[in-house]
Amino acid sequence: MVADKTGTLYIVATPIGNLGDLSPRAQEILHQVNLIAAEDTRHSAGLLRHFGITTAMISLHEYNEKQQVEALITRCKAGVSIALISDAGTPLISDPGYRMVRQGRQAGIPIVPIPGPCAAVTALSVAGLPSDRFVFEGFLPVKANARYARLHQLADENRTLIFYEAPRRLLESMQAMVEIFGPEREGVIARELTKFYEAVHTGGLATLLTWVEQSPESDRGELVLLIHGADKKQDFIKQEALKVLAPLLKILPLKQAVAVAVEITGFKRNDLYQLALRL
Ligand code: SAM
């Protein structure tokens, strides 16, 4: 194909659950482009069908990105406009597309963002954690040793931490976080955002861990895990609470020990109760 005009590469965000979140502009671009490069063409076929979009699709995923990029750039240079989409949310955010954008820029192809949903930002917007500064960590390493090492590196980070996590690994990650960040550190589990079973659980990490252990739904669906940044002063105060609670538990029944510790420290009853259960 010979063309006097280079095609444009559009980076198009798609819904993270609720199809109503595909913006009118995204719909227009997906209709107009010559080709849609999708992470999983079968998955995206449902989305396109819903909006009556019949544009041809090609797959561009983690495993073929290296090979596909050159061919796609050549086509773009020949005048073909391409929209890049992933299975959900914003491409490149824990999704393929980085190579395509980088090499596309190097090749002088116009690249246009069509912004929309992103699970990390959506979760942050409702978490109630400091949002002026945050760190997006994506997925933690799968292997336990590497995961522990990563969490240790983040223990003193004072910005809000945002993780993506697979539900089947949530329990192990939460256990490691309670150990490394401390049972009192505030966290948020934002599940199934924009979907029917959307839920946002908040509390100290020990409280959240108990929820994970006791709730059958915790190993299903999609979730974002957010952790309050380290507050050295607060951590110190909470360590002091532990010092109060531990001896009280030796001489008083659990509920009374918690009540006295609440009086002394002023901390939330439920967080101290969860802490006491663990002690
Ligand atoms: N590119 C996507 C974005 O912009 O959010 C993220 C893709 S990443 C492969 C998928 C992860 O995002 C899931 O494992 C989960 O952690 C998070 N996620 C995606 N959709 C979600 C939703 N509806 N609710 C909560 N988390 C979600």
Side-chain angles (χ1 to χ4, degrees), residues 9-23 25-26 29-30 36-44 46-48 50 59-65 83-102 111-129 131 134-142 147 150-151 154 160-174 176-177 187-202 208 211-212 215 217-227:
L9 172 64
Y10 296 93
I11 308 302
V12 183
T14 58
I16 55 169
N18 191 322
L19 293 185
D21 293 334
L22 187 73
S23 75
R25 188 166 170 237
I29 293 295
L30 293 175
I36 296 173
E39 184 182 5
D40 178 344
T41 52
R42 272 204 297 183
H43 177 94
S44 294
L47 177 80
L48 300 190
H50 180 87
S59 81
L60 181 112
H61 47 68
E62 200 186 331
Y63 306 102
N64 73 356
E65 189 176 355
L84 176 73
I85 60 174
S86 62
D87 286 356
T90 302
L92 280 84
I93 307 302
S94 292
D95 266 340
Y98 162 70
R99 283 195 188 92
M100 181 73 201
V101 171
R102 185 165 177 80
I111 303 179
V112 176
I114 310 293
C118 171
V121 174
T122 306
L124 183 66
S125 73
V126 292
L129 294 176
S131 54
F134 59 89
V135 183
F136 175 63
E137 274 291 316
F139 289 96
L140 280 165
V142 174
R147 193 164 54 222
R150 188 80 203 105
L151 290 175
L154 293 168
T160 297
L161 296 163
I162 307 179
F163 299 93
Y164 284 162
E165 188 53 290
R168 64 180 179 283
R169 278 197 289 272
L170 179 61
L171 177 62
E172 266 186 86
S173 286
M174 288 299 301
M177 286 181 183
V188 173
I189 298 174
R191 298 186 61 248
E192 296 289 87
L193 293 165
T194 77
K195 302 187 206 176
F196 187 77
Y197 289 108
E198 177 178 280
V200 178
H201 304 273
T202 63
L208 286 178
W211 175 80
V212 173
S215 311
E217 72 267 31
S218 71
D219 66 358
R220 276 172 242 144
E222 293 187 289
L223 64 99
V224 181
L225 192 51
L226 303 99
I227 309 292

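These numbers come from the heavy atoms of this one structure, side chains and all, not from hydrogens, waters or symmetry mates. Index from 1, following the sequence. Atoms within each ligand, like the ligands themselves, are counted from 1 in listed order.
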Test your reading of the model: is there a side-chain donor-acceptor pair from [X] to the backbone of [Y], 3.5 Å cut-off?
| X | Y | value |
| --- | --- | --- |
| R191 | E217 | yes |
| E65 | M100 | yes |
| D21 | P117 | no |
| E192 | E222 | yes |
| E39 | D87 | yes |

Can you find a non-hydrogen atom of [X] under 4.0 Å from ligand 1?
| X | result |
| --- | --- |
| F139 | yes |
| T194 | no |
| A166 | no |

[X]-ligand 1 polar pair, N/O distance under 3.5 Å:
| X | answer |
| --- | --- |
| P91 | no |
| G17 | no |
| T90 | yes |
| I16 | yes |

| note | Note: heavy atom closest to atom 21 (C) of ligand 1, options R191, E39, E222, belongs to E222

| remark: Nearest heavy atom to atom 1 (N) of ligand 1, choosing from L92, D95, L223, belongs to D95

Going by the atom numbers of ligand 1, which of them fall below 4.0 Å from some non-hydrogen atom of [X]?
| X | answer |
| --- | --- |
| K195 | 23 (N) |
| E165 | 16 (O) |
| A190 | 25 (C) |
| S94 | 7 (C), 8 (S), 9 (C) |
| G89 | 3 (C), 4 (O) |

| Tell me: protein heavy atom nearest atom 2 (C) of ligand 1, and distance? | A88 O, 3.2 Å

| said: Taking 4.0 Å as the limit for heavy-atom contacts, which would you say applies to A123 with ligand 1: side chain only, backbone only, both, or neither? | reply: neither

| field | Pair I29-V112, side chain to side chain contact (heavy atoms under 4.5 Å, CB included): steps then yes or no | value | CA-CA 11 Å; I29 293 295; V112 176; over 6 Å; no

| field | Y98, OH: over 12 other non-hydrogen atoms inside 6.0 angstrom | value | no

| said: Between F134 and L226, is the side chain to side chain contact (heavy atoms under 4.5 Å, CB included) condition met? List the steps. | reply: CA-CA 10 Å; F134 59 89; L226 303 99; over 6 Å; no

| field | side chain to side chain contact (heavy atoms under 4.5 Å, CB included) between V212 and I189, worked out | value | CA-CA 10 Å; V212 173; I189 298 174; 3.8 Å; yes

| field | Candidate pair L151 and M177, rule side chain to side chain contact (heavy atoms under 4.5 Å, CB included), full reasoning | value | CA-CA 7 Å; L151 290 175; M177 286 181 183; 4.0 Å; yes

